[in-house]
Amino acid sequence: MSQSNPASVIQFLHIIQNLKRTKRTGWVDNGIQQPESIADHMHRMGVMAMIIDDPSLDRSKCVKMAIVHDLAEAVVGDITPHAGVSKEDKYQQERAAMHEFLSLLGNTSLAQEIVDLWQEYEDAKTPEALLVKDLDKFEMIVQALEYEKSDKKALQSFFDSTQGKFKHPVVKAWAEALYAERTSRQQ
C-alpha cells in the first residue's frame, strides 16, 4: 500500500485544523456565546455512532463516516441552507475540496477511503449513510437543547427542522427522549 508524502500529510492536517477553529454557522447566527466548532460536532457524532446498537450496520464504517462527513468544510466553511448557496453549488464546492484532499494525500487507498465515505454520506443510499444523516440532525438538536439551557435562548427552529425526519429506530428513540427532556424543562 502506498503512503502519503509526510509533508503533504502535515499540510492536510494544517488545513483540517480549520474544523477545530470554525464555529458552526447556525449557532453563531443565533448569538450563542460559545458556539461549538465543526470538529466538536463531528466528534460527538463519532461517539454516537459507536454507541448505536444495531448489528445490521457496519458501526466502524459509521464512525469513520461521522468523522469525515464535514471534512470539506475545512476548505469551504459551514454553509447552511440559509447562506444563499444552492445545494448543488454546495455539493460541488465540497466535492472539489475532497478531491483536493485526495490529490494532496497522493491518491492513496486510505485517502480514497475518506473521499468514498464522504461520497457515500452525500449519496445517502446505504443504511450506514442514512444512520449518519440521522446522527447529524440528532447531534444538532442535542446541542440546541444544551444551548437553550446555557444561553437561555429559544432555539425552536432547530427542533422544527428535524421533526419527523429521523429514520433509524434507535435515533428516533433518542430524539423522543430528548423531546421529553426539553418539554419537561419548559413546564
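Note that the structure is a prediction, hence the values are computed from the model and not measured.
Here Ser37 pairs with Asp40 under the side chain to side chain donor-acceptor pair (under 3.5 Å) rule; sequence neighbours left out. The side-chain contact (heavy atoms from CB on, under 4.5 Å) test applied to Val75 returns Ile15, Ala97, Phe101, not counting sequence neighbours. In this structure Gln11 satisfies the side chain to side chain donor-acceptor pair (under 3.5 Å) test with no other residue, sequence neighbours excluded. Listed by chain and number, the residues in a side chain to side chain donor-acceptor pair (under 3.5 Å) with Asp53 amount to none (sequence neighbours excluded). Qualifying side chain to side chain donor-acceptor pair (under 3.5 Å) partners for Tyr91, counting only residues two or more places apart in sequence or in other chains: Gln119.
Within the structure, the ring pair (Phe, Tyr, Trp, His ring centres under 6.0 Å) test picks out the following pairs touching residues 140-170 (sequence neighbours left out): Trp27-Tyr147, Trp27-Phe158.
Distance alone, capped at 3.5 Å, is enough to place a donor-acceptor pair between the Thr22 side chain and the Asn18 backbone.
Checked for salt-bridge contact, Glu120 and Lys125 miss the test: no charged N lies under 4.0 Å from a carboxylate O.
Within the 4.5 Å cutoff, no side-chain heavy atoms of Leu135 are placed close to those of Glu139. Counting heavy atoms from C-beta on, the side chains of His41 and Asp70 come closer than 4.5 Å.
Annotation: the span from Asp54 atom CG to Leu131 atom CG amounts to 7.5 Å, rounded to 0.5 Å.
In summary, the side chains of Gln143 and Arg24 do not present any donor paired with an acceptor at a separation below 3.5 Å, with no hydrogens or angles considered.
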